[in-house]
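Comments concern the structure below.
First listed ligand is number 1; within each ligand, the first listed atom is number 1.
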Amino acid sequence: MNVLIVYGTTEGQTRKIAAWTATHIGERGHQVELRDSAALESVLKLGAFDAFIVAASVHHEHHQDTITNFVFAHHELLNSKPSALISVSLSAVLEDEKTEAQKYVDRFVSVVGWQPRMTLLLGGALRFTEYDYFQEQVVKFIVMKRSGAASPERDHEFTDWNALADFVDRFLETAG
Ligand SMILES: Cc1cc2nc3c(=O)[nH]c(=O)nc-3n(C[C@H](O)[C@H](O)[C@H](O)COP(=O)(O)O)c2cc1C
């Protein structure tokens, strides 16, 4: 199978997740290509792929515009082939916030007209050492406060790599 992974990232965690996914799929004996939605070449022949994985992270309750534009432009092709969405956020791992993480996905897919066959809500990371003042305030006082969780105030990775591996294996099984 020939799989295309397109990702959107702002601080880099989703790039790491997408790259890990590409390696995992390659190890399972499939061909795989990885593309950043912010640097997609127009010559990319989407029709040559058998399956698609879109990975994007959430900021201010929305996925990246570059991902929204890519999926909206190609939703008919995506709907006609096996496709999966990996939505990376903090809400995905915060107590009582799972419905919030699902809401981001529901809004996204309804706007772009895409029905991914499978969706994974996956925890991202906090990178306080890389945030500017504004980003730090948003994470501490909006994202974390909403769930009542204490902000760790240090870098922390919440991504569940085993859950990601299970999801990708199930996707390859159903797509194949
Ligand atoms: C400024 C800012 C705003 C964020 N807004 C949200 C949000 O609305 N909901 C949420 O669940 N997570 C939010 N997050 C957490 C990110 O989704 C998380 O850090 C993710 O790992 C970022 O992935 P990336 O590094 O691929 O961009 C926000 C993070 C930052 C820095």
Numbered in order shown, the ligand 1 atoms found under 4.0 Å of a heavy atom of Gly124 are 21 (O)
Practice prompt. Compute the shortest N/O to N/O distance between Ala125 and ligand 1 and return yes if it is under 3.5 Å, no if not.
Written response: yes
Worksheet item: Is Arg170 salt-bridged to Glu173, cutoff N-O under 4.0 Å?
Response: no
If we number the atoms of ligand 1 from 1 as shown, the ones under 4.0 Å from a heavy atom of Tyr131 are 19 (O), 31 (C)
Problem set entry | Ser91-Tyr104 side chain donor-acceptor pair, cut-off 3.5 Å | yes
- Report yes if the side chains of Val6 and Phe52 come closer than 4.5 Å at any heavy-atom pair, otherwise no. no
Honestly, for Val138 the part within reach of ligand 1 (heavy atoms, under 4.0 Å) is side chain
| task | Is it possible for you to say whether Val71 and Val58 belong to one hydrophobic cluster, with membership spreading through side-chain heavy-atom contacts below 4.5 Å? | result | no
Ser57 versus Gln64, side-chain donor and acceptor atoms under 3.5 Å: yes
Here the atoms of ligand 1 under 4.0 Å from any heavy atom belonging to Thr10 are 24 (P), 26 (O), 27 (O)
For ligand 1 and Glu11, I'd like to know whether there is a polar contact (N/O to N/O, distance under 3.5 Å). yes
Ligand 1 to Glu61, heavy atom cutoff 4.0 Å, flagged ligand atoms 7 (C), 8 (O)
Going by distance only, is there an N or O of Ser91 that falls short of 3.5 Å from an N or O of ligand 1?
yes
Ligand 1 to Val58 polar contact by distance, N or O atoms, under 3.5 Å:
yes
**Asked** Do Phe128 and Val139 touch side chain to side chain, with heavy atoms closer than 4.5 Å?
**Response** yes
So the atoms of ligand 1 within less than 4.0 Å of a heavy atom of His60 turn out to be 1 (C), 3 (C), 4 (C), 5 (N), 6 (C), 7 (C), 8 (O)
task: For Gln13 and Arg127, test the side chains for any donor-to-acceptor distance below 3.5 angstrom and give the result as yes or no.
output: yes
For Thr14, the atoms of ligand 1 under 4.0 Å from one of its heavy atoms are 23 (O), 24 (P), 26 (O)
*asked:* Side chains of Tyr7 and Thr21, heavy atoms from C-beta outward: is any pair under 4.5 Å?
replied: no
Query - Heavy atom of Leu126, distance to ligand 1 below 4.0 Å - result: no
Quiz item: Are any non-hydrogen side-chain atoms of Arg28 and Asp169 less than 4.5 angstrom apart?
Solution: yes
So for Ser57 against ligand 1, with non-hydrogen atoms under 4.0 Å, the contacting part is side chain
ask   = Among side-chain atoms of His59 and Gln135, is any donor-acceptor pair under 3.5 angstrom?
value = no
At under 4.0 Å between heavy atoms, what of Val139 touches ligand 1? The answer is side chain
| query | Heavy-atom contact under 4.0 Å between Phe134 and ligand 1? | reply | no
Is Gly12 close to ligand 1, meaning an N/O of one under 3.5 Å from an N/O of the other?
yes
